[in-house]
Amino acid sequence: MKRHYIIITHPLRYNYGGLLQAYALHKRLKLLQISNFLLKYKINNDNKHCIIFSFIFAILELLLRIFPFNRVFIYILRRLRCYHLFNAYISRNISSSLVTKINFIETCQHSDAFSYVVGSDQVWRVLYTRRLFSVEFFFLSDTSKEMRECSISYAASFGSDEWEGSMEETDKCGQLLRDFKAVSVREQSGVEICRNVFGVDAVQMPDPTL
């Protein structure tokens with residue numbers, strides 16, 4: 001059975017670096033003839049609609065510049081336009097699948113055709129991941145042990161020289177990470193965190209954009 005890889009990273013918002021690392025990893029796997037797609041948590045608008053909305057927002061921004069009412073409105077329009085432009089780029093260049101946590105868990109529990117690539121970016125930065133599903137989610141807590149044993153991390157980053165998790169999170173994430181087939185991190189400090197905190201041997205790898 002051909003195995004497909006799901007890339008798990010931060011939601012792609014208005015972040016050029018986050019978007020580029022996701023695109024680079026997706027593209028590199030495709031060049032290696034590895035079937036993969038990006039896990040998305042947000043609605044992916046139709047590409048044509050994104051372009052139309054972006055054009056409308058550009059016109060409105062121009063009008064506000066000519067007849068300045070309030071800089072706040074210009075800022076809001078820029079953010080909205082950026083959102084649609086980002087979605088248009090993702091639609092054209094990155095294969096992705098929109099999921100909720102519920103159907104993601106259901107997929108994980110009923111399929112052995114998928115493996116996961118966690119990374120790159122600061123997917124193990126506790127300060128950020130607590131705001132999403134959970135810290136453990138990015139250590140594949142919702143997958144089976146068998147699926148984790150076929151999965152890897154690529155250039156994952158803790159975003160800090162020290163692990164920021166609680167004792168409970170440390171225990172859970174350590175157990176999960178020790179199931180991974182292979183672990184690579186972006187910084188040397190990440191190698192040390194994996195070894196000293198989780199008891200896992202990790203290798204340092206460059207960000208996929210490099």
Using a 4.5 Å cut-off on heavy atoms from C-beta on, say whether the side chain of [Y] contacts that of [X].
X: Val191; Y: Arg195; value: yes
X: Leu140; Y: Met147; value: no
X: Ser157; Y: Gln122; value: yes
X: Trp124; Y: Ser153; value: yes
X: Tyr154; Y: Val118; value: no
X: Glu169; Y: Arg130; value: yes
X: Thr170; Y: Lys172; value: no
X: Glu149; Y: Lys181; value: no

Problem set entry | Ile7 vs Leu29, side-chain contact (heavy atoms from CB on, under 4.5 Å): CA-CA, chis, key distance, verdict | CA-CA 10 Å; Ile7 298 173; Leu29 290 173; 4.0 Å; yes
Nearest 0.5 angstrom please: [X] [atom1] to [Y] [atom2], how far?
X: Asp121; Y: Leu19; atom1: CG; atom2: CG; answer: 10.5 Å
X: His4; Y: Ile34; atom1: NE2; atom2: CD1; answer: 12.5 Å
X: Asn36; Y: Tyr116; atom1: CG; atom2: OH; answer: 13.5 Å
X: Glu168; Y: Cys173; atom1: CD; atom2: SG; answer: 10.0 Å
X: Asp171; Y: Ser166; atom1: CG; atom2: OG; answer: 8.5 Å
X: Glu187; Y: Ser160; atom1: CD; atom2: OG; answer: 9.5 Å

Linking I/L/V/M/F/W/Y whenever any side-chain heavy atoms sit under 4.5 Å apart, do [X] and [Y] land together?
X: Leu177; Y: Tyr128; answer: no
X: Ile152; Y: Val203; answer: yes
X: Leu32; Y: Leu25; answer: yes

For this session: Look at the side chain of Arg125 and the backbone N and O of Gly159, then say whether any donor-acceptor pair between them is shorter than 3.5 Å.
Result: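 A pair under 3.5 Å: yes.
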Exercise. Are any side-chain N or O atoms of Gln204 and backbone N or O atoms of Arg186, one a donor and one an acceptor, separated by less than 3.5 Å?
Worked result: yes
For this session: Mind telling me whether Phe198 and Trp163 have parallel, tilted or perpendicular rings, with 30° and 60° as the class edges?
Result: perpendicular
What pair of heavy atoms forms the shortest contact from [X] to [Y], and how long is it?
X: Phe138; Y: Val123; answer: CB-O, 3.3 Å
X: Val126; Y: Glu164; answer: N-OE1, 3.6 Å
X: Asp207; Y: Ser120; answer: OD2-CB, 4.3 Å

Problem set entry | CG/Asp201: more than 12 non-hydrogen atoms of other groups inside 6.0 Å | no
Problem set entry | Within 6.0 angstrom of Arg28 CZ, more than 12 heavy atoms from elsewhere |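 Count not over threshold, so no.
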For this session: Please report the C-alpha distance between Val185 and Cys194 in whole Å, then the side-chain angles of each, then the deciding distance to 0.1 Å, and finally whether the side-chain contact (heavy atoms from CB on, under 4.5 Å) criterion is met.
Result: CA-CA 9 Å; Val185 291; Cys194 287; 4.0 Å; yes
Exercise. Among side-chain atoms of Thr9 and Gln21, is any donor-acceptor pair under 3.5 angstrom?
Worked result: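 A pair is found: one side chain offers a donor N or O, the other an acceptor, under 3.5 Å apart.
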For this session: Assert yes or no for the condition that the ring centre distance of His26 to Phe37 is strictly below 6.0 Å.
Result: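 No - the distance between ring centres of His26 and Phe37 does not fall below the 6.0 Å cut-off.
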Problem set entry | Pair Glu162-Ile193, side-chain contact (heavy atoms from CB on, under 4.5 Å): steps then yes or no | CA-CA 7 Å; Glu162 297 180 355; Ile193 291 173; 5.6 Å; no
